[in-house]
Protein chains: 2
Amino acid sequence: MNRFLSNATNRIDAKGRVSVPSMFRAVLARAAVEELYAWQDFVFPAVSMAGPEVLDRFERMIGSQDPFSAQANEMSLLIHGGGVFMKLDGEGRLLVTDFIRDFTGITDRVTFAGRGDHFQLWEPAAFEEMQSRARKERTARS
Amino acid sequence: MNRFLSNATNRIDAKGRVSVPSMFRAVLARAAVEELYAWQDFVFPAVSMAGPEVLDRFERMIGSQDPFSAQANEMSLLIHGGGVFMKLDGEGRLLVTDFIRDFTGITDRVTFAGRGDHFQLWEPAAFEEMQSRARKERTARS
DNA sequence: TGGGCCACCATGGGCGTCAATGGGAACTGC
DNA sequence: GCAGTTCCCATTGACGCCCATGGTGGCCCA
């Protein structure tokens, strides 16, 4: 499979590391991604990750806008100022930094959620709640 | 036959596996489906399964919206974050994971229900009740 | 038409492999 | 030197793959 799908919750160890689900690692390996670009989601309290090509996409989007517009300015602030590069260790784990903890509320467990072309890190309870809320709204609309 | 029809109830074994009815497996084999896309039904407490082309359909639905809108983000949360790929073992069984149990209430038996282009997994009693209720409502209208 | 044989399906369980997790030790920058 | 990291290696529990068995329904043949 070539996209990020489903969700899984893993534990953070004493050193602050957490295993990225093997399914997601397989997708990354297939795309030959070495370094992950991470940014804060624009809507939810979650940190997103993907290969560096999404950063290119974001930059092209900014480039297509008026460089002096407030919107382009804001987006650059989010994309560049709110983004970092991360690497996995030999076992496919990543360090849960304060960048991640502060924005998501994650403490000792992480829920990984696939999002198609990227995946996200959530505080488990927040993920549960957001998902059931989204489902409720969707049924209410139909 | 090329669509999912009728229903059957099978037992979950000690390892948490359950046989997919051979009738359904035949439909899958005819469509050359190797991997199943599973998602939580938007109305009933049931998990639906079908070939990956259903996911494509869902993604096209999202793709037609503004990719940065909250609504597209929410929908992706459901179909990507709330969807799973599952594989059958050599005997045509699938693992009944917590993803399925929590949402359906399934414990030791599963009712498989054909739904045309996909099929669903139900807790047997819940399926009985839903079906008889649907039947009652229908006769009340006619 | 009845009986028996056979094939297939649902189910059970063994075993090897791999992912998730834990922890030691070297390494590096402050 | 110390704290935060990175690179290994160990453990264990879950899952995938394989083979076995029993029961049932269908089919063939007498």
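Since the structure is predicted, the reported quantities are computational estimates derived from the model, not experimental observations. Proteins get letters first, then strands, A, B, ... in listed order; numbering begins at 1 in each.
In this structure, B:Leu36 and B:Leu28 have side chains that are in contact, with non-hydrogen atoms separated by less than 4.5 Å. Using a 4.5 Å heavy-atom cutoff, the side chains of A:Phe127 and A:Gln131 are in contact. Between A:Asp89 and A:Leu94, the closest side-chain pair of non-hydrogen atoms is not below 4.5 Å. Looking at A:Val47 and A:Phe99, their side chains come closer than 4.5 Å, going by heavy atoms from C-beta outward. At least one side-chain heavy atom of B:Glu74 sits under 4.5 Å from a side-chain heavy atom of A:Glu137. Within the 4.5 Å cutoff, the side chain of A:Met86 has no heavy atoms near those of the A:Tyr37 side chain.
Summary of helix geometry: the two end axes of the helix from C:dT1-D:dA30 to C:dC30-D:dG1, each defined by five base pairs via their C1' atoms, are inclined to each other by 30° (rounded to 10°).
Rounded to an integer number of Å, the gap from A:Arg11 CZ to D:dG13 P is 13 Å. Counting to the nearest Å, the P atom of D:dC15 and the CG atom of B:Leu94 are 13 Å from each other. Summarising the geometry, the separation between CG on A:Asp13 and P on C:dG23 is reported as 8 Å, rounded to the nearest angstrom. Atom-to-atom, CZ of A:Phe24 to C1' of C:dA19 comes out at 15 Å; the value is rounded to the nearest Å. When rounded to the nearest whole Å, the span between CZ of B:Arg109 and C1' of C:dT11 equals 14 Å. Rounded to an integer number of Å, the gap from B:Ile12 CD1 to C:dA10 P is 15 Å. Spacing between atom CG of B:Asp108 and atom P of C:dG12 amounts to 11 Å, rounded to whole angstrom units. For A:Met23 and C:dA19, the CE to P distance is 11 Å, given to the nearest whole Å.
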Name each donor-acceptor pair under 3.5 Å that joins a side chain in residues 52-59 of chain B to protein atoms two or more places apart or in another chain, with its distance.
| from | atom 1 | to | atom 2 | distance (Å) |
| --- | --- | --- | --- | --- |
| B:Asp56 | OD1 | A:Arg3 | NH1 | 3.4 |
| B:Asp56 | OD1 | A:Arg3 | NH2 | 3.2 |
| B:Glu59 | OE1 | A:Arg3 | NH1 | 2.4 |
| B:Glu59 | OE2 | A:Arg3 | NH1 | 3.3 |
| B:Glu59 | OE2 | B:His80 | NE2 | 2.8 |

Generate the contact string for nucleotides 16-25 of chain D. Rules: B means base contact, S means sugar-phosphate contact only, - means no protein heavy atom under 4.0 Å.
BBBB------

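Backbone-only engagement by B:Ser22 is indicated by non-hydrogen atom pairs under 4.0 Å involving sugar-phosphate atoms exclusively.
The phosphate of C:dC18 (OP1 or OP2) has no side-chain N or O of A:Arg25 nearer than 4.0 angstrom.
Of the possible polar contacts, one joining the A:Arg115 side chain to the B:Asn73 backbone as a donor-acceptor pair under 3.5 Å is found.
Between the side chains of A:Thr104 and A:Glu123, no donor-acceptor pair of N or O atoms lies under 3.5 Å.
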